[in-house]
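Indexing begins at 1, ligand by ligand and atom by atom, following the structure's order. Below, all heavy atoms of this structure are taken into account, side chains as well, without hydrogens, waters or symmetry copies.
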Amino acid sequence: MPQNTTVTDSAIVILGASGDLAKRKLVPALDSLKQAGRIGANCVIVGSGRKEFTDEEFRLHLEASESIASLLHYHAGIDGLKDYLVGLGDFRTIIVFFSLPPKVYADTAAALEAEGFGKQTRIIVEKPFGYDLESARELNRRLSEHFPEEQIYRIDHYLAKEAVQNILVFRFANSLFYPVWNSGYIESIQINATEDIGVGTRGAYFDGAGVIRDMVQNHLMQMLSLLTMEAPVSLDPEDIRTQKINVLKALEVVRFSRGQYEGYRGEPMVAEDSETETFAELEMRIRNFRWEGTPIYVRTGKALGRKGTEIGIRFKQLPRLLYNSAGDLNPNRIIFQIQPTTGIVIDHTVKVPGTDRDIAQSRLDFCLNDAFGPPVVEDAYQRLLMDALEGDRTLYVSAGETELAWKVLRDVLDATAPFIYRRGRMPDSPLGVDWIDFAGYEGGSC
Ligand code: BG6
């Protein structure tokens, strides 16, 4: 997204606008964009929902600031919504955000088409996109009956994270790493996304999903694809997507384990005999020439005592020669810190000054915020809404990607009874993976 562009002549429609997301995230994001001068002349924001509001009541409900209040309007339901918009202005672009339960996505798309929302419309939907391969295919098929793929924007908020976007730049804008980015040099890849909180008030949704559907199928698969895909022929979203799809086609799960934190079954809206996993560890392989032989470990879960998302690249050991004659030299590592620290750390070996031969580990530590100051656009929704307004689908997920990700996980979903782990503590690796201590990298120069 270019930082200095301003969109004009656009309508932003929020379906389900009386809900929490509009008030907590979407309208504040639009407000920041307006204040930054990114939303310009002849733009409106129209909320729509089942409740009856006047424009003024709607603004009060949202606790809208003065800067955005004049752009906000409300229309109850989808019937007559298109005519209502026509009454507000002549819009080149209309984005329609589905802040709705996924089960009504397809019917809503049908209703929008019947209302006359056509080529200038882009619909934005949030995960979950289906529950498994079959339901995702069905959802994509039904959406495509009403809107072509290029008008469907599927959000994965991890793609809006600066540190995730930096993965492609690191890989394809540095000649240093490109030649070693393969199984000849890389011993293993570790993708970690742990949370300290439990399911909290989201039991009703989460108990029907589990962390594999909630995190692995989307966020972690996206990071994995960016990290391992071949170089795209251009930075065009379609070319990037093609390479991500090629990785997903070659990806398979070889081992996995599911866990559940103690006390999960007593959480609000969770079944007493629930076998939903709140923790998962997987070993995956990419069956292509670049990656054959390199395991990819993925770990995610809730109530693990720490919030942190990282990717670790562990390089192969050097031959047992010279400084490594005892075979105990630490191999190089690259750590992509996605959050809470955002940066990249490279572990390498140096000579201890003042000694003859002693060697030690050192870190090259790049801290994103220190190097460039806080990002101009910080919030994921600001970034994603702006991209949708500008018609840039780079950070959105295609039907093909989401279906392939479900396909990879087909035999893993709900597969075995989960083991129980203590709340607030990382369980020992059920697959015996030698995980990098990512917490030990936090802070650093950041
Ligand atoms: C969401 C999941 O997509 O991502 C949540 O539904 C999870 O369960 C969240 O907590 C994690 O996002 P982040 O950005 O806080 O890592």
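- Looking at atom 13 (P) of ligand 1, its nearest protein heavy atom turns out to be K307 NZ, 3.4 Å.
- For the residue pair S429 and V433, the shortest heavy atom distance occurs at OG-N, 2.7 Å.
- Between the side chains of R383 and Q165, a donor-acceptor pair is found at a separation under 3.5 Å.
- You'll find the ring centres of F177 and F170 inside the 6.0 Å limit.
- In this structure, atom 3 (O) of ligand 1 lies nearest to the protein heavy atom H219 NE2, 2.7 Å.
- Taking the ring centroids of F53 and H61, they lie under the 6.0 Å cut-off.
- In this comparison of Q339, M215, R202, the heavy atom closest to atom 5 (C) of ligand 1 sits on R202.
- When heavy-atom distances to ligand 1 are checked against a 4.0 Å cut-off, Y158 comes that close only through its side chain, counted from C-beta outward.
- A salt bridge is defined here as a Lys NZ or Arg NE, NH1 or NH2 lying under 4.0 Å from an Asp or Glu carboxylate O, and E138 with R141 meets this definition.
- You'll find the ring centres of F315 and Y185 outside the 6.0 Å limit.
- Atoms of ligand 1 found under 4.0 Å from any heavy atom of K302 (numbered from 1 in listed order, with element): 5 (C), 7 (C), 8 (O), 10 (O).
- Counting protein heavy atoms only, atom 12 (O) of ligand 1 is closest to H157 NE2, 3.2 Å.
- Polar contact check, T309 against ligand 1: no nitrogen or oxygen pair lies under 3.5 Å apart.
- Here the protein heavy atom with the shortest distance to atom 7 (C) of ligand 1 is E195 OE2, 3.5 Å.
- Atom 14 (O) of ligand 1 has K161 NZ, 2.6 Å as its closest protein atom, hydrogens excluded (heavy atom only).
- In this structure, atom 8 (O) of ligand 1 lies nearest to the protein heavy atom D214 OD2, 2.5 Å.
- Aromatic rings from Y105 and F129 are positioned such that their centres are separated by 6.0 Å or more.
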